[in-house]
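First the proteins, then the strands, lettered A, B, ... as listed; each starts at 1.
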Number of protein chains: 2
Amino acid sequence: MPKAKFTQSEKTTTAQNGATAEHVVEQIRSLIANGELRPGDRLPAERELAKQLGISRPSIRAGLRMLVARGVLRARHGSGTYVADGPPSLDSDQLSLLAELHGFTFDQMYEARQVLEVQAAGLAAERATPEHLAAISEEVAEMYAALEDPQQYLIHDIKFHRAIATASANPILATLVEMVSAVMYDQRRDTIGRAHDFKESVEMHQRLYRAIRSRKPDEARAAMHEHLALAHKAYRTEEGKLSKKKK
Amino acid sequence: MPKAKFTQSEKTTTAQNGATAEHVVEQIRSLIANGELRPGDRLPAERELAKQLGISRPSIRAGLRMLVARGVLRARHGSGTYVADGPPSLDSDQLSLLAELHGFTFDQMYEARQVLEVQAAGLAAERATPEHLAAISEEVAEMYAALEDPQQYLIHDIKFHRAIATASANPILATLVEMVSAVMYDQRRDTIGRAHDFKESVEMHQRLYRAIRSRKPDEARAAMHEHLALAHKAYRTEEGKLSKKKK
DNA sequence: GATAAAAATTGGCTTTACCACCAGGCGAGA
DNA sequence: TCTCGCCTGGTGGTAAAGCCAATTTTTATC
């Protein structure tokens, strides 16, 4: 039963400015903040919302599209519009565009990863649940299985790091790691080489996993730091070779 | 079952599915990536774009609105649509909605700030330019001036921390700090009390600034860590009083 | 009872039209 | 001649009506 509960704010505001679409955003936002809309819930249909709020459907669509772009909603053609439920910012394009705009460099990305993930690894070692550990372990196994497939290896590499961030039990950190790693993946996917010493890399991951499982935060931090430093260095030499070959 | 596909979405651009609006996003994105559109530039008019791309105007608008929501573009009524030029994510609502969605707690926020800002302070101490130092110093002065005005004090507190993040010379870190602090500010603005010992707080900021100016990364990190820990503790006691009073 | 076809629901796109805001030019008045 | 004010063209913002495509639900058929 659709609860006609959208407060129908009587657009007394006259809204002479450009706020009709923003109004929609605010409505949905407040519904979410009040807990009336929970992740996974389905919103009323657009035509329904338009009637309830007294706003035209295009404007409703404009507001919803903003929230979709921000990763708060998820529109499924033919089914309905839902509140995002999965991991925060599933698409994680958020930073990608800004990255292209401001020209983030790989050095900066690795530096940011050092800041975020070293601490995340430490927290994970303190607080990881058995489920978290299983998820991390599984990615290590997948990496072993993908030693000969750079594309697949990269995917599970990223997922491994995200699993650790999730295990830190701090969703904010997890979201930030997710964003940065998404940018990394986007930029890296197409240019991944073949000459990597995945063997050594996967063993470092293994060591990192063991440190977390053994609940040794210091070791986990050290292992993550070392791993990222090595990955960064590997990337730089690869990049050097590429640019040299270019000439 | 399809394995999780990261950001993928559509590089292939085939997709007769819901891709008309996405197509616009991709077009603009590539223009930005190719450097044909630089921050501050003005985009062609919507009607013009519609003709050029052979897409109806509402769809063009839908795509542009997505980019506006992501902070990449800025639309000015009556004038045109421009590429965002200012600091990354000027609005910084990005996380705010996710915060309300997933119920980020203050403890988590302070923890994330610890991770980000302690390291940012260290980097700032290594790389801050005279301009950066001036910006930081100015915010300290403003805080002294606003000792009696909690609202103003909070604003300059945030700006102080952002200035340090900017001085880290890593735009990614600066952006992340910006996001987290925006969430913090949104949640805090309305509930800021009066009983804070701003005097002690501002002196800690002063000390932190001096450490950065003197190029002492270790001291800067320590000062930032201590400052955030104290702020966190102060918040917790205040919160405790409030919830007790509530009963 | 199971399976396939059809109808209803819903988001996506187009067309057309009008409104509100901004900028620069043009003319009336000083 | 200079300045002020209005006005016109261009731009983003909103609205209405209609059709298409994907999904879900219902219904009919075997």
Exercise for the section: Kindly indicate whether the side chain of A:Arg47 and the base of C:dG11 share any N or O donor-acceptor pair separated by less than 3.5 Å? Expected result: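 Counting by modelled atom types and ignoring angles, a donor-acceptor contact under 3.5 Å is found here.
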Nucleotide [N], atom [atom2] - distance to [atom1] of [X] in whole Å:
| X | N | atom1 | atom2 | value |
| --- | --- | --- | --- | --- |
| B:Leu67 | D:dG12 | CG | C1' | 16 Å |
| B:Arg42 | C:dC22 | CZ | C1' | 11 Å |
| B:Leu49 | C:dT14 | CG | P | 14 Å |
| B:Arg61 | C:dC18 | CZ | P | 18 Å |
| A:Ile60 | C:dT10 | CD1 | C1' | 15 Å |
| B:Glu46 | C:dT15 | CD | P | 15 Å |
| B:Leu73 | D:dG12 | CG | P | 11 Å |
| A:Lys51 | D:dA16 | NZ | P | 14 Å |

Handout entry: A:His205 and A:His161 aromatic centres sub-6.0 Å
Key =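 Under 6.0 Å, so yes.
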On the nucleotide [N], are OP1 or OP2 found under 4.0 Å from the side-chain N or O atoms that [X] carries?
| X | N | result |
| --- | --- | --- |
| B:Thr81 | D:dT11 | no |
| B:Arg57 | C:dC13 | no |
| A:Thr20 | D:dT14 | yes |
| B:Ser59 | C:dC13 | no |

Handout entry: Lys/Arg N to Asp/Glu carboxylate O, B:Arg65 vs A:Glu22, below 4.0 Å
Key =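 Salt bridge: no.
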Handout entry: Charged N-O contact under 4.0 Å between B:Arg42 and B:Glu48
Key =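 So B:Arg42 does not pair with B:Glu48 through a salt bridge.
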Sort me out a list of protein N/O and nucleotides 24-27 of chain D N/O pairs below 3.5 Å, or just none if empty.
unit_1: D:dT24; atom_1: OP1; unit_2: A:Arg76; atom_2: NH2; d: 3.0

Among [options], find the nucleotide with the atom closest to the side chain of [X].
| X | options | result |
| --- | --- | --- |
| A:Ser56 | D:dA16, C:dT15, C:dG12 | D:dA16 |
| A:His77 | D:dG12, C:dG12, C:dT14 | C:dG12 |
| B:Ala75 | D:dG13, D:dA16, C:dT15 | D:dG13 |

Problem - Closest non-hydrogen atom pair between B:Val180 and A:Leu176, with its separation - result: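 Shortest heavy-atom separation between B:Val180 and A:Leu176 comes out as CG2-CD1, 4.2 Å.
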Problem - Non-hydrogen side-chain atoms of A:Met184 and A:Tyr110 separated by less than 4.5 Å - result: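 SC-SC contact between A:Met184 and A:Tyr110 confirmed.
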Exercise for the section: Start with the C-alpha distance between B:Glu111 and A:Arg127, add both sets of side-chain angles, then the distance that settles salt bridge (charged side-chain N to carboxylate O under 4.0 Å, His left out), and finish with yes or no. Expected result: CA-CA 14 Å; B:Glu111 192 171 88; A:Arg127 323 203 265 229; 2.6 Å; yes
Practice task
May I ask you to say what B:Ile55 touches in the nucleic acid, namely base, sugar-phosphate or nothing, with a heavy-atom cut-off under 4.0 Å?
Solution key: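 The residue B:Ile55 makes sugar-phosphate contact but no base contact.
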Exercise for the section: Please identify each residue that fulfils side-chain contact (heavy atoms from CB on, under 4.5 Å) with B:Gln27, with sequence neighbours left out. Expected result: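 For B:Gln27 the side-chain contact (heavy atoms from CB on, under 4.5 Å) partners, ignoring immediate neighbours, are B:His23, B:Leu53.
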